[in-house]
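This structure is a prediction, so every number in the text was calculated from the model and none was measured. Just so it is clear, the values below take in all heavy atoms, side chains as well, and ignore hydrogens, waters and symmetry mates. Lettering of chains follows the sequences in order, A, B, ..., and the numbering in each one begins at 1.
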Amino acid sequence: MDCSCKPLQRSFFLPPPDEVAPRLLGKILVGGGGRGGGAELRARIVETEAYLGQGDTAAHAARGLTRRNAPLFGAPGHAYVYLIYGMHFCLNVSTCAAGTAGGVLFRAAAWLSPEAGLAGSLSGPGRLCAGMGITLEQNGSDLTGRGGLHLADDGWRPPEIAVTRRIGIRQAAELPLRFVIAGHPAASGPRGWR
DNA sequence: CAACCGATCACCT
DNA sequence: GGTGATCGGTTGC
């Protein structure tokens, strides 16, 4: 394609989540079509949330390392996918150096290219994963690669970024760790939080 | 080993 | 605005 897109390198994901999360806005999420299979899916990230490690009781990593949340403690730039409420998948990318937990949840994206409308919206973590075909299969995979699921930068920058509380959590709900491209129609959450 | 609950969404009232 | 669907991880017995 016309890819002036560069994959994000590992150093991009080294800072803490609250620093990486806003920087991910406007970047491109590229979904592998699957082995030998479908077209490459591309969407621009419009909404993210930061989940810290120790001290952030809303984070899966808050209670220490487990088999499930291991990717959050691993090397930066890797996928952490989990199943929520038995039906929805959520995609995170790990940040911070190996040994330190941190992650950024992808909450919403906007289709680039022809998939728009056909596969439904990508507004909301569950729909984002459904639309991009993300399942537990991608859990732990390296998002800085060029093949399969990865992240890229085409130089586009969001005009304005809004910061709010995180959505859908009870613990530590007051922290301003949700980042959204201001006024973007593909953002999720309550009106007035865009 | 069993019970509980969650970083959600769609549909109902 | 409220709740059911549905299941893996964590916790407690």
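Each salt bridge (charged side-chain N to carboxylate O under 4.0 Å, His left out) pair with one or both residues in residues 95-113 of chain A, not counting sequence neighbours, appears once here: A:Glu47-A:Arg107, A:Glu49-A:Arg107.
Comparing B:dC5 with C:dC13, their P atoms are spaced 13 Å from each other, to the whole Å. Using C1' as the reference atom, C:dG8 and B:dA10 are 22 Å apart when rounded to the nearest Å.
Heavy atoms of other residues, nucleotides or ligands lying less than 6.0 angstrom from CD of A:Glu174 number more than 12.
Residues forming a salt bridge (charged side-chain N to carboxylate O under 4.0 Å, His left out) with A:Arg67 (at least two apart in sequence, or on another chain): none. Applying the side-chain contact (heavy atoms from CB on, under 4.5 Å) rule to A:Pro7 yields the partners A:Arg146; only residues at least two apart in sequence or on another chain are considered. Taking the ring-ring contact (aromatic ring centres under 6.0 Å, His included) definition, one finds that A:Tyr82 meets it with A:His60, A:Tyr80, sequence neighbours left out. With sequence neighbours excluded, the residues that form a side-chain contact (heavy atoms from CB on, under 4.5 Å) with A:Ile169 are A:Tyr51, A:Ala58, A:Arg166, A:Ala173. Residues forming a side-chain contact (heavy atoms from CB on, under 4.5 Å) with A:Arg157 (at least two apart in sequence, or on another chain): A:Lys27, A:Asp153. Looking at residues two or more places apart in sequence or on another chain, you find a side-chain contact (heavy atoms from CB on, under 4.5 Å) between A:Asp18 and A:Pro16, A:Ala50, A:Leu52, A:Leu177. Listed by chain and number, the residues in a salt bridge (charged side-chain N to carboxylate O under 4.0 Å, His left out) with A:Arg23 are A:Glu19 (sequence neighbours excluded).
First and last contacts of DNA chain C with chain A, using any nucleotide atom under 4.0 Å from a protein heavy atom and ordered 5' to 3', fall at C:dA5 to C:dT11.
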Can you run through DNA chain B from 5' to 3' and write each base as (, ), [, ], | or . depending on how it pairs? Watson-Crick or G-U wobble, both distances under 3.5 Å.
||||||.|||||.
Across nucleotides 5-13 of chain B, 5' to 3', mark each nucleotide with B, S or - according to how protein heavy atoms within less than 4.0 Å reach it.
-BBBSS---
Return all side-chain donor-acceptor pairs below 3.5 angstrom for residues 95-105 of chain A, not counting sequence neighbours, or 'none' if the list is empty.
none

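Here A:Arg67 lies out of heavy-atom contact (under 4.0 Å) with every strand.
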